[in-house]
Amino acid sequence: MDLQAIISDRAKGVDASGIRRVFELGAKLKDPINLSIGQPDFPVPDAIKRAAIDAIEQDRNGYTLTQGIPALLEKIRDDAHAHLGWPAQTSPGSAAMVADGFGAMVTAGTSGGLMLASMAMLDPGDEYIVPDPYFVLYPNMGKLLGAKPVFCDTYPDFKMTAQRVEPLITKKTKFVLSCSPGNPTGVTMTQQECDDLAELCARRGVVLISDEIYDSFVFPEVGSTELPGRAPSAARVTERVAKPWESVLVVRGFGKNYGATGWRMGYVMGPSALVEQMAKMQQYTYVCAPSMAQWGCVAAFGADISAVLRGYVRRRDTVVKALGDLTELAIPSGAFYAFVKVPPSLGMTATQFVEKAIERRVLIIPGGVFSRRDTHFRLSFAAPEAKLQEGLAILAELMRG
């Protein structure tokens, strides 16, 4: 059988993740220093674990409604009202996917939500705008659906501002996709920058997808210990965009914020007509998000992760202290990544630098995985502090040449 003749052009057009290749190299190393994985290294809070265990023991293990369990949807809507100023619930406990002016739905991770949104909006030949650098899924959504990703160059500060986006909008543009705090950069946009982008998209008649997977994972300025609270959001009610739920689709999740990445739990909220179409796509793909995990995440809205965040602030400060004077470094203000420029004086690409680092047992990801440029590398500081310090010392030595 000629399997190459059978496999679709769609599958052939998607490269295996460069992150996976680094993992495979790392598996061959003895005692690697892994600064590559984008996964928090803290346990799921006890209240969330207990709620999921209770759901299993109470036999809540079957399918749920496609849109999610009412108890979780109620929490999502309450949070949207409290954090963003969206309409308050008028029918608490309702299982309705569309209520109180906007739609909400639980998804199989934030990646599931992004794929469903793309399936609901993109036809072959359509365009959508993504930041460069980007999360690896963003350009591949277009490859899977026959649409064209249009890249918004955000170097060197890694902010997807309205000024940078507006010239890229055409009649073919269906949506703009922003991520703040960002992966792979850790950069967070200001509230003013978020507001400007939301106003632009509403004015130009395109949907803004605001990927806010790290919305609770934000840090103060270097040297400060006072946590700033939730990240700024383009979905906030303002005088300029009085009803953001009509033009902004918010994508959020529980995996990164609460250490539950394997649960595959996310949610979306925004234009009701769009969410309804996404639910149809979910019905015939993911069916529903994992049932017991949905019940567990009901408890997430009261969980306190401030102690965890303070630990990550220390690690962020350690990264800046170790590498900030050696190269250009946009200070990470959220998530748990730094996107570090390889010093031009070394005369090598990021891929070449990463190969040198792997020879010294340090696993990092070359910037070409996340960008059309190969000038930076992504470092994850979601690692034990002793390992992080050991890895940073090696990277600093390599960067000094």
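Since the model is a prediction, treat every value here as computed from it, not as a measurement.
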Is a salt bridge present between [X] and [Y], judged by a nitrogen-to-oxygen distance below 4.0 Å?
X	Y	answer
R361	E390	yes
K387	D31	yes
D195	R236	yes
D54	R60	no
R310	E226	no
K171	E127	no

Which pair of heavy atoms, one from [X] and one from [Y], lies closest together, and at what distance?
X	Y	value
A299	A47	CB-O, 3.7 Å
A234	A198	O-CB, 3.3 Å
N257	I305	O-CD1, 3.4 Å
A289	Q282	N-NE2, 4.3 Å
P384	D41	N-OD2, 3.7 Å
V106	L72	CG2-CD2, 3.8 Å

| said: Taking side-chain contact (heavy atoms from CB on, under 4.5 Å) as the definition, give me every residue that meets it alongside E385, ordered by chain and number, with sequence neighbours left out. | reply: R314, R315

Check this for me: [X], atom [atom1], are more than 12 non-hydrogen atoms of other residues, nucleotides or ligands nearer than 6.0 Å?
X	atom1	answer
Q191	CD	yes
R10	CZ	no
Q283	CD	yes

| task | Could you check whether the rings of F102 and W245 sit parallel, tilted or perpendicular, using 30° and 60° as the cut-offs? | result | tilted

| remark: Residues passing the side chain to side chain donor-acceptor pair (under 3.5 Å) test with R240, sequence neighbours excluded, are D196

| Hey, mind stepping through V248 and V241 against side-chain contact (heavy atoms from CB on, under 4.5 Å) and telling me if it holds? | CA-CA 10 Å; V248 181; V241 184; 5.5 Å; no

Within the distance-only criterion (no hydrogens, no angle test), does the side chain of [X] pair as donor or acceptor with the backbone N or O of [Y] below 3.5 angstrom?
X	Y	answer
R378	P184	no
E74	A71	no
Y128	P139	yes
K49	G296	no
S180	M189	yes
Y258	A300	yes
K174	M121	yes
W86	D78	no
R316	P220	yes

Distance-only check: which donor-acceptor pairs under 3.5 Å involve side-chain atoms of residues 330-348, not counting sequence neighbours?
residue	atom	partner	partner atom	Å
S333	OG	T188	N	3.0
S333	OG	T188	OG1	3.1
Y337	OH	Y214	OH	2.7
K341	NZ	E328	OE2	3.4

Determine whether [X] and [Y] make a side-chain contact, defined as any pair of heavy atoms from C-beta on separated by less than 4.5 Å.
X	Y	answer
P149	M141	no
L398	I394	yes
L379	L392	yes
E166	R203	yes
D126	L145	no
V354	I365	no
V150	V130	no
T185	T154	no

Ring centroids only, cut at 6.0 angstrom: are [X] and [Y] within range, meaning strictly under it?
X	Y	answer
H376	F370	no
F217	Y312	yes
W263	F254	no

Rounded to the nearest 0.5 Å, how far apart are [atom1] of [X] and [atom2] of [Y]?
X	Y	atom1	atom2	value
K12	Q4	NZ	CD	5.0 Å
S210	L177	OG	CG	9.0 Å
L323	D325	CG	CG	9.5 Å
T225	E221	OG1	CD	12.0 Å
L197	C152	CG	SG	9.0 Å
L114	F135	CG	CZ	8.0 Å

Side chains of [X] and [Y]: donor-acceptor distance under 3.5 Å anywhere?
X	Y	answer
Q277	K280	yes
T190	Q192	no
T351	D374	yes
S233	E212	yes
E193	T161	no

| task | Quick one: do I364 and S36 satisfy side-chain contact (heavy atoms from CB on, under 4.5 Å)? Show the steps, please. | result | CA-CA 4 Å; I364 50 179; S36 67; 5.6 Å; no

| query | Taking only residues two or more places apart in sequence, or in another chain, which ones meet D79 in a salt bridge (Lys or Arg N to Asp or Glu O under 4.0 Å)? | reply | R230, R252

| said: Strictly by side-chain hydrogen bond (donor to acceptor under 3.5 Å, both in side chains), give each pair with a member in residues 105-123 just once, sequence neighbours left out. | reply: none

| note | Residue pairs passing the side-chain hydrogen bond (donor to acceptor under 3.5 Å, both in side chains) test with at least one member in residues 132-143, sequence neighbours excluded, are D132-S371, D132-R372, Y138-D211

| field | Step-by-step side-chain contact (heavy atoms from CB on, under 4.5 Å) determination, L363 to L35 | value | CA-CA 5 Å; L363 300 181; L35 306 183; over 6 Å; no

| Stepwise side-chain contact (heavy atoms from CB on, under 4.5 Å) test for T173 and F175 | CA-CA 6 Å; T173 304; F175 62 81; over 6 Å; no

